[in-house]
Each structure stands twice: as structure tokens, then as C-alpha cells.
Amino acid sequence: MLFGSKDKKKSVLTPLADVGTMGMHLVVSTFIGLGMGWYLDKWLGTKPWLLLVFLVLGIVAGFRNMFQEVRRLNRQDAGEDGHDRTSDKG
Amino acid sequence: MAGGLPHPQFIVPAILESVGVHVPVHVAYTWVVMLLLFTIGILVRKNLTLVPGKLQNVFELIIGGLENFCVANVGEKGREIFHVIVILFLFILPCNWFGLIPGLDAPTANVNTNAALALFLFLYYNWIGIKKWGFGYIKHFMGPVPAMAPLMIILEFISHLARPLSLTLRLFGNIKGEEIVLILMFMLAPIVGSLPMYFLFMLAKFIQAFIFFMLGMIYLKGSLDHAH
């Protein structure tokens with residue numbers, strides 16, 4: 001089946017979609033951190049500092065996201081040969 | 001087609017303009033998609049039978065397949081939230097495909113449409129989380145180690161805010177990019193250049209709609225499950 005059915009959990013589209021989302025999320029997290037730092041600086045008047053701190057936090061958040069995504073994919077792979085994928089919760 | 005490039009002729013906005021309704025192009029085509037969905041929905045609903053006819057069969061295939069996929073990933077509680085994300089899929093798919101029809105434009109090639117969809121999804125999954133867990137929903141943001149919680153809250157906050165933004169930009173970038181490539185290929189070699197692209201982009205646009213559906217499902221799973 002195109003979407004993968006209940007008994008056979010393999011699908012053509014899922015891995016494509018999984019991979020397609022990772023890069024974007026990494027970049028966007030960085031920019032969200034940057035934006036938060038920028039506006040907090042403007043608001044509190046602490047010119048460069050919060051920007052730097054939140055930029056680093058954004059980068060960390062992005063990488064953490066990717067790490068979690070990889071862990072989720074690994075779990076899915078493990079779930080496919082044996083037990084139910086939904087039964088283990090991280 | 002056209003991806004917001006200035007030249008081509010758009011049918012529906014031109015008709016609306018002549019009646020005296022001034023709306024942007026993407027809003028006009030969003031209305032067309034809505035009209036299409038309502039019409040098909042009413043048609044399918046009116047002719048519901050136990051032994052499905054042609055149209056009903058198609059919809060049972062799509063919706064049944066997606067429901068199974070959703071339940072396989074989220075679990076039985078996926079049925080509560082399934083109807084919301086499947087309508088997102090069913091809405092985005094014709095929106096994307098509209099870009100391939102000459103004289104029409106894809107509403108999703110405009111950031112505003114996508115931002116509205118992504119913001120709705122963002123608010124919805126947070127609302128579901130708060131409804132299910134109450135104040136304990138904050139545990140989803142704290143990570144496993146209590147000592148790290150203040151840092152984790154900021155990190156999770158950033159990555160949750162990144163979700164609607166990346167949903168918006170991904171859909172917008174893909175659809176708009178495809179429209180622009182299509183019109184450029186049409187300028188270079190009208191038939192030979194653009195016809196093969198149609199098949200590629202039909203698939204690509206389908207995948208984008210599916211990605212939106214799947215991400216919505218993953219986010220909702222995150223807010224429905226226990227915190228780590």
C-alpha cells in the first residue's frame with residue numbers, strides 16, 4: 001500500500017518524508033534562536049549578549065532535534081522486525 | 001502555474017474582479033479548493049452505500065489508508081485526532097496540484113496560506129496536550145533530568161517554535177520553487193521541457209502534502225504520549 005497498512009508497516013513515502021524534514025528543522029531552529037536573542041536584546045537593551053547566548057541555544061536545539069529524530073527512526077527500524085512499533089515509548 | 005510571476009492570466013481572480021470582489025490570487029484559489037472539497041464531500045455523503053461506488057471507493061481508499069497509517073504510528077488514541085490531520089492533507093493536496101493547471105495558481109505558493117495552516121497545527125497540538133495533561137503538559141518540555149529542566153525548557157521552547165516556521169517554509173519553498181521551475185522550463189522548451197516536469201512535480205507535491213500530514217501526526221503523538 002502507498003501509505004503502509006496496519007499489518008505491514010513499511011511504506012514508500014515515510015522514509016522520504018522523514019529525511020525531507022531533518023535539514024529544514026536544523027536550520028530553522030538556529031534562526032528562531034537568533035530571532036529570540038535579537039528581540040530580547042532590543043527589549044532589554046543588552047546589545048550583543050543575549051543574541052549570542054540564544055544563537056548558541058538555537059543551534060543546540062537544532063542538533064538536539066536531529067538527534068531525537070534519528071533515535072525515533074532507529075526505534076522504528078527496530079520495531080519493524082519484531083514487536084509493535086507503538087508499544088515502546090521513549 | 002506561474003508561482004506569482006507577474007505575467008500569466010488567472011481565471012478565477014479575473015472573474016471575481018469582474019463581479020467586483022477584490023481578493024488576492026491565493027485567497028481566490030483557496031475558495032475554489034474549498035468549493036471543490038465541499039462539493040465532493042456532499043456528493044460522497046449523499047451517495048453513501050454499504051457497497052461503495054466509484055467515488056466512495058476512492059475516498060475509502062485514501063481515508064482508510066491514512067487512518068491505518070495514523071493508528072499504526074500513534075496507537076488507538078490516534079483515532080481521536082485523525083480527522084483533523086486528514087483534512088489538512090485533503091486540503092493541501094488539491095492546493096498543491098492547482099499549481100499544475102494552466103490558468104490556476106497554487107494557494108500554497110503563498111507564505112500566508114502555509115503560515116495559517118502551520119499555526120493552526122501548532123495551536124491544535126498544544127491544545128490537545130493541555131487538554132490531555134492539564135498543567136502536567138509542561139513536563140513534555142522539561143526533559144528527563146530535573147536538574148537540567150530550566151535549560152531544557154528554553155531548548156524545547158525554541159524547537160517547538162521552529163516547528164510551525166519550518167512547516168511553513170518547507171511547503172512554501174517547495175511549491176513556489178516548483179512553480180518557478182515549471183514556468184522557466186516552459187519558456188525554454190514549451191512541450192519537451194515542461195511535460196516531463198509535470199509528472200515529477202505531481203509526485204513532489206503529493207509528497208509535500210503527505211509530509212505535512214505526517215509531521216502533524218508526529219507532533220500530535222508527542223503531545224498525546226507520556227513525557228519522556
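Just so it is clear, the model here is predicted, and its values are computed rather than measured. Chain letters run A, B, ... following the sequence lines, proteins first, then strands; residues in each count from 1.
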Practice task
Show the numbers, then the answer: is there a side-chain contact (heavy atoms from CB on, under 4.5 Å) between A/Val28 and B/Arg163?
Solution key: CA-CA 8 Å; A/Val28 165; B/Arg163 283 170 174 188; over 6 Å; no
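Sparse packing is recorded around NZ of A/Lys42, with 12 or fewer heavy atoms of other residues, nucleotides or ligands lying under 6.0 Å away. Remark: B/Met148 CE is loosely packed, at most 12 non-hydrogen atoms of other residues, nucleotides or ligands lying under 6.0 Å away. Heavy-atom neighbours of B/Phe120 CZ from other residues, nucleotides or ligands within 6.0 Å: above the threshold of 12.
Of the inter-residue distances, the one linking B/Leu165 atom CG with A/Phe31 atom CZ reads 10.0 Å to the nearest 0.5 angstrom. Distance check, rounded to the nearest 0.5 Å: CG of B/Asn174 to CE of A/Met24 gives 8.0 Å. Here the CG-CZ distance, from B/Leu155 to A/Phe63, works out to 13.5 Å after rounding to the nearest 0.5 Å. Atoms CZ and CG, from B/Phe157 and A/Leu57 in turn, are 12.5 Å apart once rounded to the nearest 0.5 Å.
Of all non-hydrogen atoms in A/His25 and B/Ser159, the two that sit nearest each other are NE2-O, 3.7 Å. The two residues B/Ile158 and A/Met36 make their nearest non-hydrogen contact at CG1-SD, 3.8 Å.
For a residue to count as touching a neighbouring chain, one of its non-hydrogen atoms must lie under 4.5 Å from one of that chain's; by this rule B/Leu169 touches chain A with backbone and side chain alike.
Residues A/Arg72 and B/Ile218 meet the side-chain proximity criterion, which asks for heavy atoms closer than 4.5 Å.
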